[in-house]
Structure formats: C-alpha cells, structure tokens
Amino acid sequence: FEAYVSSREMRREFPGARGFGFIRRVPRATETDFLAAARAEGPAGFAIRELAPHDGERFVIQYIYPLADNSGATGLDVASEVHRREAAMAAMDSGEARLTAPITLVQASGQACSGFLMLMPVYRTGLVPVETEARRQATLGWTYAPLVAEEMLADLGPMASEVAIRLSDAAGTQPFLRRT
C-alpha cells in the first residue's frame with residue numbers, strides 16, 4: 001500500500017486527496033488480537049482513538065499514506081463519529097463508494113467542516129455480494145481517501161477567478177465552502 005502511494009504524484013494526480021488508506025472492521029471481541037498484530041507490524045505504539053465514546057464495532061484506520069500528510073489519522077476509530085460511521089455503513093450496504101457529509105479531518109483540523117472521506121468497501125471474496133446482509137458479513141473494511149474541498153478546488157485553471165462556488169451538504173442549511 002505504501003509502495004503504491006509512493007509511486008503516485010498525489011498533488012497532481014489526485015488534487016485534494018491527502019492520501020489513501022485502509023480502515024479495518026474490528027469487532028470488540030477481537031480488539032486485543034487486532035492491536036497485538038498492528039503493534040507487531042508497527043508502529044509499536046499503535047493505539048485506537050475515538051472522537052466520541054461508543055459501544056459498537058470499531059472501524060479503525062490501520063494504514064494511511066503518505067504519513068507526512070496524515071498525522072494523527074492512524075488508529076482513529078471512524079465509527080466513533082456519526083458522519084464517518086454512516087458513510088462507512090452506506091458503502092458497506094450498497095457495495096459502492098460513499099462520501100461522508102462535511103467533516104473536520106484530524107489531519108486538517110484548521111479547516112473545519114471542509115473535509116470528507118471517500119470510502120469504498122472491501123469484501124473478503126473481492127466480489128460484491130448480492131444481498132445486503134451478505135455484504136455486511138463479508139466486509140473486511142474500506143479503502144479510503146481523505147479529501148479537503150479547498151485543496152480539490154485550488155487549481156481550477158485560468159478561468160478560476162471567473163467562477164463562484166458555493167458548496168452545501170444536502171442536510172445542511174449553510175454552505176460549508178464559498179469562493180467568489
């Protein structure tokens with residue numbers, strides 16, 4: 001995974017993407033085994049962190065590269081925040097990529113509510129099961145990309161100054177990004 005991301009020109013090929021990673025489903029019953037395996041692989045201090053306490057299954061960011069652009073993301077339990085959890089569940093159930101509602105990324109905390117996670121489910125067989133319940137049973141986790149709206153729009157080309165942009169979430173009442 002790291003070798004693939006290192007082979008890309010992230011800023012040019014994927015503007016606004018802070019990197020690519022993998023989020024693993026971790027049932028509470030297997031958390032100790034997961035942590036032991038993650039620490040053996042490195043880093044030795046790998047730990048799970050929550051944005052808010054919850055009792056459900058964990059969705060843990062196990063890998064994210066490049067590391068330099070994603071400080072603080074590894075170990076985050078994305079199921080501990082409602083928008084992240086809802087998008088992960090929707091991707092799992094649909095078998096398709098899903099985007100979170102606007103969120104504040106841990107690696108871009110200075111840009112409140114202008115980030116997203118694009119999540120794509122990963123199934124044990126590599127194939128998308130037909131039935132929703134079969135998808136839930138077969139989901140190992142999600143590949144994902146953290147995205148920053150302002151960075152995605154940073155280089156609109158020579159006509160950028162002639163374009164006004166307002167981005168809103170369907171559930172929100174106010175735009176989370178304005179460029180005039």
Side-chain angles (χ1 to χ4, degrees), residues 1-5 16-148 169 171:
F1 213 90
E2 183 178 11
Y4 168 73
V5 174
R18 287 288 177 101
F20 296 102
F22 180 70
I23 298 168
R24 184 172 304 277
R25 287 180 78 182
V26 181
R28 295 281 178 158
T30 65
E31 186 174 323
T32 302
D33 293 339
F34 167 76
L35 283 170
R39 289 172 181 155
E41 185 178 279
F46 187 95
I48 297 174
R49 296 179 335 283
E50 295 177 317
L51 294 173
H54 75 102
D55 294 328
E57 179 179 26
R58 295 189 183 275
F59 305 162
V60 181
I61 297 175
Q62 187 171 7
Y63 307 110
I64 179 68
Y65 298 103
L67 290 172
D69 291 339
N70 293 287
S71 178
T74 303
L76 181 67
D77 175 8
V78 301
S80 69
E81 189 275 324
V82 66
H83 297 306
R84 290 167 171 89
R85 181 176 57 252
E86 287 175 351
M89 297 297 291
M92 176 172 55
D93 287 353
S94 70
E96 300 172 345
R98 290 292 186 261
L99 191 65
T100 64
I103 58 173
T104 301
L105 298 172
V106 295
Q107 61 268 59
S109 58
Q111 299 172 347
C113 294
S114 66
F116 308 90
L117 298 183
M118 176 66 75
L119 298 139
M120 177 67 112
V122 176
Y123 300 106
R124 280 182 185 81
T125 64
L127 303 172
V128 179
V130 175
E131 300 295 325
T132 301
E133 188 54 39
R135 289 182 191 139
R136 290 177 183 165
Q137 295 301 316
T139 301
L140 291 173
W142 300 262
T143 57
Y144 86 106
L147 308 169
V148 178
D169 180 53

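What's counted below: heavy atoms across the whole structure, side chains too, no hydrogens, waters or symmetry copies. If you're wondering where the values come from, they're calculated on a predicted model, not measured in any experiment.
- In this structure, the separation between CZ on R28 and CD on E57 is 9.5 Å, given to the nearest 0.5 Å.
- The two residues E31 and V26 come nearest to each other via the heavy atoms CA-CG1, 3.8 Å.
- Residue I23 forms a side chain to side chain contact (heavy atoms under 4.5 Å, CB included) with just one option from L119, V60, I64, and that option is L119.
- Among all heavy-atom pairs drawn from P146 and G19, the shortest one is CD-O, 3.4 Å.
- The distance from the CD atom of Q137 to the CD atom of E131 is 12.5 Å, given to the nearest 0.5 Å.
- One N or O on the side chain of D77 and one on the backbone of F59 form a donor-acceptor pair closer than 3.5 Å.
- Crowding of E133 atom CD: a count of heavy atoms from other residues, nucleotides or ligands under 6.0 Å exceeding 12.
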Next item on the list: Show your working on side chain to side chain contact (heavy atoms under 4.5 Å, CB included) between L105 and L117 and close with a plain yes or no.
Entry: CA-CA 8 Å; L105 298 172; L117 298 183; 3.7 Å; yes
Problem set entry | Candidate pair I61 and Y63, rule side chain to side chain contact (heavy atoms under 4.5 Å, CB included), full reasoning | CA-CA 6 Å; I61 297 175; Y63 307 110; over 6 Å; no
- Show your reasoning for whether side chain to side chain contact (heavy atoms under 4.5 Å, CB included) applies to T143 and F20. CA-CA 7 Å; T143 57; F20 296 102; over 6 Å; no
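- Considering CE of M89 and CH2 of W142, their distance stands at 7.0 Å, rounded to 0.5 Å.
- Closest approach of R98 to A87, counting heavy atoms only: CB-O, 3.7 Å.
- Using modelled atom types, no side-chain atom of Y65 and backbone atom of N70 make a donor-acceptor pair closer than 3.5 Å.
- Taking CG of L51 as the start and CG of L76 as the end, the distance is 4.5 Å to the nearest 0.5 Å.
- Here D69 contributes atom CG and Q107 contributes atom CD; the two are 9.0 Å apart, rounded to the nearest 0.5 Å.
- Considering every non-hydrogen atom in both P129 and A134, the closest pair reads CB-CB, 3.6 Å.
- A pairwise comparison of heavy atoms in Y144 and A73 identifies OH-CB, 4.3 Å as the closest pair.
- For Q62 and R24, the side-chain atoms include at least one donor-acceptor pair closer than 3.5 Å.
- Heavy atoms only, all atoms of each residue included: V78 and R84 are closest at O-CB, 3.2 Å.
- Aromatic ring orientation, F46 versus F34: perpendicular (interplanar angle above 60°, classes split at 30° and 60°).
- A 4.5 Å side-chain heavy-atom check between D93 and R135 finds every atom pair outside the cut-off.
- At least one side-chain heavy atom of H83 sits less than 4.5 Å from a side-chain heavy atom of E81.
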